[in-house]
Amino acid sequence: MPKLRNFEIFKPGTFTAMDGRKFTFTEQDLHEIADSYDPNLYQANLTLGHPKNNLPDLGAVHHVYMYQGKLFACAEFADELAEAIHKGTYKHRSASFYLPHSPENPIKGKRYLRHIGFLGAMPPAVKGLASIDFSESGFESSINFASSGEFIDLTDYRHCDTQNTIRVKQKDGTIKTGFIWRGEILYI
């Protein structure tokens with residue numbers, strides 16, 4: 001059974017691409033990526049590494065949103081990818097973006113999420129992204145984020161972050177404001 005998870009995929013900064021080029025992403029750039037993402041136009045997938053053809057397809061990205069200054073995705077993981085991550089085979093991930101002028105880019109003039117590649121031994125260019133946890137907890141699966149040694153279990157009923165809202169583009173093109181509660185996005 002596929003597993004749906006919200007997880008961190010990118011953060012502001014200057015990073016070196018696999019081909020040696022340096023790119024800077026501001027928080028505003030990441031907001032633009034989140035606001036532009038439309039799975040009906042082009043749905044980014046989960047894959048292994050950074051293949052040119054985006055295969056194998058091991059899951060689908062449903063939403064892209066900003067949370068506490070970082071870019072997150074809500075994606076459905078194929079069982080085999082979830083199991084491999086849980087076993088520690090793929091400890092890192094790396095987002096791939098279409099450049100604004102790329103002929104394949106579904107939204108010309110803006111960066112657009114192409115895929116999220118899961119990496120084995122290869123280190124990611126963007127270091128320090130929070131871990132994805134596929135362990136089971138009591139009544140439901142959980143997603144656990146670790147940052148600066150702080151553990152946050154988003155299925156904990158006491159954790160309800162209404163101070164840090166997120167904006168999520170809907171299928172009809174509108175943008176709704178919500179917050180994360182028990183690992184799910186609730187809309188205001």
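Positions are given from 1 along the sequence. Below, all heavy atoms of this structure are taken into account, side chains as well, without hydrogens, waters or symmetry copies. Model, not experiment: these values are computed from the prediction.
- Of the possible donor and acceptor atoms, none in the side chain of Y90 sits under 3.5 Å from a partner among the backbone N and O of L48.
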(request) Let me see the working for H62 and Q43 under side chain to side chain contact (heavy atoms under 4.5 Å, CB included), right down to the final yes or no. (result) CA-CA 7 Å; H62 295 279; Q43 186 166 44; 3.9 Å; yes

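- A130 approaches E8 most closely through the heavy-atom pair N-OE1, 3.2 Å.
- For T16 (side chain) and R21 (main-chain N/O), no donor-acceptor pair under 3.5 Å exists by modelled atom type.
- Side-chain atoms of E27 do not come within 3.5 Å of backbone N or O of K70 as any donor-acceptor pair.
- Side chain of S36 to main chain of E32: a donor-acceptor pair is present (N/O by atom type, distance under 3.5 Å, no hydrogens or angles).
- A continuous path of hydrophobic side-chain contacts links F23 to L129 [ILVMFWY only; heavy atoms under 4.5 Å].
- Listed here is the closest heavy atom pair of P12 and G69: CD-O, 3.2 Å.
- Taking CG of L4 as the reference point, atom CD of E76 lies at 6.5 Å (rounded to 0.5 Å).
- When all heavy atoms are compared, the tightest approach of K52 to R114 is O-NH2, 2.9 Å.
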(request) Assess whether side chain to side chain contact (heavy atoms under 4.5 Å, CB included) is satisfied between V61 and C74, documenting all intermediate values. (result) CA-CA 6 Å; V61 177; C74 176; over 6 Å; no

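- For the pair N105 (side chain) and R111 (backbone), a donor-acceptor distance under 3.5 Å is absent.
- Outside the 6.0 Å centre-distance limit, the rings of F7 and Y67 are not counted as a close aromatic pair.
- More than 12 non-hydrogen atoms from other residues, nucleotides or ligands lie less than 6.0 angstrom from NZ of K108.
- Counting only N and O atoms by type, the side chains of N45 and H115 include no donor and acceptor under 3.5 Å apart.
- Using modelled atom types, one side-chain atom of K11 and one backbone atom of K127 make a donor-acceptor pair closer than 3.5 Å.
- Using a 3.5 Å distance cut-off with no hydrogens or angles, the side chains of S102 and E104 do pair a donor with an acceptor.
- Atom-to-atom distance recorded for T24:OG1 and D29:CG is 8.5 Å, nearest 0.5 angstrom.
- Put simply, NE2 on H86 and CD on E83 are 9.0 Å apart, with the number rounded to the nearest 0.5 Å.
- Within the model, atoms CD1 of I85 and CZ of R5 stand 10.0 Å from one another, a figure rounded to the nearest 0.5 Å.
- Taking the six-membered ring where tryptophan is involved, the planes of F25 and F15 are tilted, since the angle between them lies from 30° to 60°.
- Closest of all the heavy-atom pairs between L71 and A34 is CD1-CB, 3.9 Å.
- When every heavy atom of P39 is checked against every heavy atom of Y112, the shortest pair comes out as N-OH, 4.3 Å.
- Relative orientation of the F97 and F10 rings is perpendicular, given thresholds of 30° and 60° on the angle between their planes.
- L99 is connected to L41 through a chain of hydrophobic side-chain contacts under 4.5 Å among Ile, Leu, Val, Met, Phe, Trp and Tyr, so both are in one cluster.
- Without hydrogens or angle criteria, Y37 side chain to A73 main chain gives no donor-acceptor distance under 3.5 Å.
- In this model, no donor atom of one side chain and acceptor atom of the other lie less than 3.5 Å apart for K22 and T14.
- Distance check: T47 OG1 to N54 CG gives 6.5 Å after rounding to the nearest 0.5 Å.
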(request) Give the intermediate values and the outcome of side chain to side chain contact (heavy atoms under 4.5 Å, CB included) for residues F77 and L46. (result) CA-CA 7 Å; F77 286 73; L46 308 180; 3.6 Å; yes

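- Distance check: F118 CZ to H92 NE2 gives 12.0 Å after rounding to the nearest 0.5 Å.
- Heavy-atom minimum distance, L113 versus A95: CD1-CB, 4.1 Å.
- Note on I132 and L119: separate hydrophobic clusters, where clusters join Ile, Leu, Val, Met, Phe, Trp and Tyr whose side-chain heavy atoms are under 4.5 Å apart, directly or indirectly.
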(message) Determine whether H50 and M122 satisfy the following criterion, side chain to side chain contact (heavy atoms under 4.5 Å, CB included), listing intermediate values before the conclusion.
(response) CA-CA 11 Å; H50 287 301; M122 182 181 205; 5.9 Å; no

